[in-house]
Visitor: 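Can you keep this structure in mind? I'll have questions shortly.
As the structure lists them, so they are numbered: ligands from 1, and atoms in each ligand from 1. Only this structure's heavy atoms are used, side chains among them; waters, hydrogens and symmetry mates stay out.
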Amino acid sequence: MELSEISDEKILENLTQVGKLSDGITIITGAGVSKASGLNTFRGKGGYYQNHSAEELASRSGFMNNPKLVWQWYRDRMRAVFAAKPNQTHYAIVELENMGLLNKIITQNVDGLHHMAGNSSDKIIEMHGRITESHCFQNCGYRIEWDHAPEHIPVECKCGALQRPSVVWFGESLDPEKIEQAEEAILTTKLLIVIGTSGVVYPVAIFPKYAINNNIPVYEFNTEKTILSDYVTYTFIGPAEITFPKFVKLLAENIK
Ligand code: OAD
Ligand code: ZN
């Protein structure tokens with residue numbers, strides 16, 4: 001593992017190779033990518049899980065125990081998402097797609113900002129769902145697509161039960177189709193780039209390792225070292241909204 005400067009000669013040399021990777025770059029994103037859009041991260045200083053545990057806020061038992069607290073958290077986050085705009089990291093990923101280099105974006109984010117930035121829907125795999133959607137906690141089938149945050153919480157369903165946010169909670173399985181798509185993206189990629197994630201939540205936590213074991217290089221962009229940093233090919237330390245556009249710009253210059 002190396003902590004690297006994007007302008008290192010070795011990286012520049014690599015960029016020429018990377019530029020030949022038609023549809024060959026897969027991107028994994030986490031909450032750090034949306035930080036510059038005003039959305040909070042989960043772990044670490046100032047993160048959501050500092051005051052309440054993940055189980056309290058994002059699990060079935062947490063919801064059954066205190067649906068109002070859970071809905072309060074999601075309502076606050078929905079408000080923030082409706083006010084948010086994509087930032088330079090999102091736009092640099094759009095640039096990668098425009099350059100014909102993007103395979104897939106595997107995102108843990110539920111904010112829809114990759115879509116809003118302009119990446120094609122068929123390039124984006126939203127592993128954890130969408131925060132602006134909800135469905136019946138008792139599975140009556142009634143769903144809501146929100147265009148503003150709900151006023152009354154906890155949100156009631158038509159059937160008399162409660163609605164729940166359409167995001168994946170701890171202890172729940174991810175959509176098997178999405179897992180399959182993501183695994184295929186990892187297996188077919190020539191370079192994996194992991195941005196703004198602590199790398200502790202399955203399955204994203206294992207994808208970088210999986211790639212390395214298959215001789216696929218992995219570049220990480222984060223403000224600090226993570227548990228992935230020990231084995232990835234390079235870690236670029238710094239705010240992704242600064243370092244990642246710089247990387248894409250150098251890439252564009254090196255493939256002209
Ligand atoms: P975390 O909050 O665990 O990690 C955010 C990461 O972003 C940390 O490693 C930060 O160092 C990094 N970071 C912060 N600001 C950054 C910036 N400007 N540029 C680059 N990196 C930055 O968030 P995730 O890894 O996304 O799941 O969390 C994974 C999942 O855990 C989430 O999807 C969520 C949560 O529980 C569900 O809600 C199902
Ligand atoms: Zn219902």
Side-chain angles (χ1 to χ4, degrees), residues 27-50 52-60 62-63 70 73-74 77-78 81 87-90 92-93 105-114 125-131 134-144 154-175 178 182 193-208 219-229 232 235-247:
I27 309 263
I28 290 179
T29 60
V33 162
S34 296
K35 187 81 195 282
S37 294
L39 304 179
N40 212 349
T41 57
F42 297 90
R43 295 170 187 81
K45 208 170 139 240
Y48 288 124
Y49 297 155
Q50 244 187 356
H52 292 283
S53 69
E55 286 67 29
E56 264 178 288
L57 296 172
S59 75
R60 283 186 75 83
F63 185 76
V70 172
W73 185 53
Y74 281 97
R77 289 177 60 203
M78 269 167 93
V81 163
N87 65 62
Q88 294 314 313
T89 306
H90 298 104
I93 300 173
I105 303 164
I106 301 170
T107 188
Q108 301 169 93
N109 298 344
V110 293
D111 52 35
L113 289 179
H114 289 299
I125 311 171
E126 291 179 305
M127 300 303 288
H128 291 166
R130 261 300 170 98
I131 200 171
S134 67
H135 64 272
C136 181
F137 187 65
Q138 300 295 351
N139 290 318
C140 80
Y142 183 59
R143 313 183 66 86
I144 305 176
V155 177
E156 281 178 18
C157 187
K158 266 187 178 172
C159 72
L162 290 177
Q163 284 269 303
R164 57 158 286 177
S166 297
V167 298
V168 180
W169 281 338
F170 285 95
E172 292 183 321
S173 323
L174 282 94
D175 179 346
K178 289 186 182 177
I193 298 181
V194 185
I195 318 175
T197 177
S198 57
V200 297
V201 175
Y202 171 84
V204 168
I206 60 160
F207 285 164
Y219 294 2
E220 177 185 39
F221 291 77
N222 202 300
T223 41
E224 58 187 41
K225 279 177 74 172
T226 69
I227 53 163
L228 311 176
S229 309
V232 298
T235 297
F236 301 103
I237 297 285
E241 63 277 15
I242 309 280
T243 55
F244 189 66
K246 201 169 146 192
F247 172 81

Visitor: Could you walk me through whether S34 and H90 satisfy the side chain to side chain contact (heavy atoms under 4.5 Å, CB included) test, starting with their C-alpha distance in whole Å, then the side-chain angles of each, then the deciding distance to 0.1 Å, before giving a yes or no?
Guide: CA-CA 8 Å; S34 296; H90 298 104; 3.6 Å; yes

Visitor: Around the Zn ion (ligand 2), how many protein N, O or S atoms are closer than 2.8 Å?
Guide: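 That number is 4, waters not included.
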
Visitor: Check whether any side-chain heavy atom of I193 lies under 4.5 Å from a side-chain heavy atom of F244, and answer yes or no.
Guide: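 Sidechains of F244 and I193: in contact.
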
Visitor: Check the angle between the aromatic planes of F236 and F247 and answer parallel, tilted or perpendicular using the 30° and 60° thresholds.
Guide: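 Answer is tilted, since the angle falls between 30° and 60°.
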
Visitor: At a 4.0 Å cut-off, with the gap strictly under it, does some heavy atom of T223 reach an atom of ligand 1?
Guide: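 T223: in contact with ligand 1 (<4.0 Å).
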
Visitor: Could you check whether any side-chain N or O of D111 sits under 3.5 Å from a backbone N or O of I131, counting only pairs where one atom can act as donor and the other as acceptor?
Guide: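 Judged by distance alone, no pair lies under 3.5 Å.
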
Visitor: Mind checking whether Y48 has a heavy atom under 4.0 Å from ligand 1?
Guide: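 No, that is not the case, since the closest heavy atom of the residue is not under 4.0 Å from the ligand.
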
Visitor: Would you please classify the geometry between the W169 ring and the F137 ring as parallel, tilted or perpendicular, with 30° and 60° separating the classes?
Guide: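 The arrangement is tilted - the two ring planes meet at 30° to 60°.
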
Visitor: Which of the atoms in ligand 1, numbered in the order shown and given with their element, are less than 4.0 Å from a heavy-atom of G196?
Guide: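 Those qualifying, in numeric order: 5 (C), 6 (C), 7 (O), 21 (N).
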
Visitor: Within ligand 1, which atoms have a heavy atom of A31 less than 4.0 Å away?
Guide: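 Going through ligand 1 atom by atom, the ones under 4.0 Å from A31 are 23 (O), 24 (P), 26 (O).
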
Visitor: Counting from 1, what ligand 1 atoms have a heavy atom of E241 closer than 4.0 Å?
Guide: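 Those qualifying, in numeric order: 17 (C), 18 (N), 19 (N).
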
Visitor: Closer than 4.0 Å to some heavy atom of G30 - which atoms of ligand 1 meet that?
Guide: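 Heavy-atom distances to G30 below 4.0 Å select 26 (O).
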
Visitor: Counting from 1, what ligand 1 atoms have a heavy atom of F170 closer than 4.0 Å?
Guide: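 Those atoms are 36 (O).
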
Visitor: Quick one: does K178's side chain have a donor or acceptor within less than 3.5 Å of a partner on I125's backbone?
Guide: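 Absent.
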
Visitor: Considering only protein heavy atoms, which is closest to atom 39 (C) of ligand 1, and at what distance to one decimal place?
Guide: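 The protein heavy atom lying closest is V168 O, 2.8 Å.
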
Visitor: Can you tell me which residue and heavy atom of the protein come closest to atom 17 (C) of ligand 1, and the distance to 0.1 Å?
Guide: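 Of the protein heavy atoms, G32 O, 3.5 Å lies nearest.
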
Visitor: Check whether H128 reaches the backbone of V167 with its side chain - one donor and one acceptor, N or O, closer than 3.5 Å.
Guide: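 Absent.
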
Visitor: Among all protein non-hydrogen atoms, which one is nearest to atom 4 (O) of ligand 1, and what is the separation to 0.1 Å?
Guide: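 Looking at atom 4 (O) of ligand 1, the protein heavy atom closest to it is S198 N, 3.4 Å.
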
Visitor: Which residue owns the protein heavy atom closest to atom 19 (N) of ligand 1, what's the atom, and how far is it?
Guide: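 Nearest neighbour among protein heavy atoms for atom 19 (N) of ligand 1, to 0.1 Å: A240 N, 2.9 Å.
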
Visitor: With a 4.5 Å limit on heavy-atom distance, are the side chains of L162 and F63 in contact?
Guide: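 With C-beta onward as the side chain, the pair touches.
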
Visitor: Counting distance only, does the side-chain N/O of S37 pair as donor-acceptor with the main-chain N or O of L39 below 3.5 Å?
Guide: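 Looks like no, no N/O pair under 3.5 Å.
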
Visitor: Taking Q163 for its side chain and Y142 for its backbone only, find out whether a donor-acceptor pair lies under 3.5 Å.
Guide: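 Present.
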
Visitor: Give me the residue, atom name and distance of the protein heavy atom closest to atom 32 (C) of ligand 1.
Guide: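 For this ligand atom, the closest protein heavy atom is F42 CE1, 3.6 Å.
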
Visitor: Does N87 use its side chain to pair, donor to acceptor, with the backbone of K35 at less than 3.5 Å?
Guide: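 No; zero donor-acceptor contacts below 3.5 Å.
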
Visitor: With atoms numbered from 1 as shown, which atoms in ligand 1 lie under 4.0 angstrom from a non-hydrogen atom of E224?
Guide: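 Those qualifying, in numeric order: 11 (O).
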
Visitor: To which protein heavy atom is atom 9 (O) of ligand 1 closest, and what is the distance rounded to 0.1 Å?
Guide: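 That would be N222 ND2, 3.0 Å.
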
Visitor: Report the part of H128 in contact with ligand 1, treating N, CA, C, O as backbone and CB onward as side chain, heavy atoms under 4.0 Å; options are side chain, backbone, both, neither.
Guide: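 Near ligand 1, H128 shows its side chain, while the N, CA, C and O stay back.
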
Visitor: Please indicate whether any nitrogen or oxygen in N109 is less than 3.5 Å from any nitrogen or oxygen in ligand 1.
Guide: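 No, since none of the N or O atoms of N109 sits under 3.5 Å from an N or O of ligand 1.
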
Visitor: Could you tell me whether some N/O pair between R43 and ligand 1 is separated by less than 3.5 angstrom?
Guide: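 Between R43 and ligand 1 (N or O atoms, distance only) the closest approach is under 3.5 Å.
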
Visitor: Would you please name every residue forming a side chain to side chain donor-acceptor pair (under 3.5 Å) with R164, sequence neighbours left out?
Guide: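 Per chain and number, R164 pairs via side chain to side chain donor-acceptor pair (under 3.5 Å) with E172.
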
Visitor: Which residue and non-hydrogen atom of the protein lie closest to atom 29 (C) of ligand 1, and at what distance in Å?
Guide: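 Checking every protein heavy atom, the shortest distance to atom 29 (C) of ligand 1 gives Q108 OE1, 3.3 Å.
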
Visitor: For atom 25 (O) of ligand 1, what is the closest protein heavy atom, and at what distance to 0.1 Å?
Guide: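 Among all protein heavy atoms, the one nearest atom 25 (O) of ligand 1 is T197 OG1, 2.6 Å.
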
Visitor: Report yes if some heavy atom in the side chain of C140 is under 4.5 Å from a heavy atom in the side chain of K158; otherwise report no.
Guide: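 A side-chain contact under 4.5 Å is absent here.
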
Visitor: Within ligand 1, which atoms have a heavy atom of V201 less than 4.0 Å away?
Guide: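 Listed by number with element, the hits are 29 (C), 30 (C), 31 (O).
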
Visitor: Run the contact test for Y49 against ligand 1 with a 4.0 Å cut-off on heavy atoms, strictly below, and give the result.
Guide: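 The answer is yes: ligand 1 sits under 4.0 Å from a heavy atom of Y49.
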
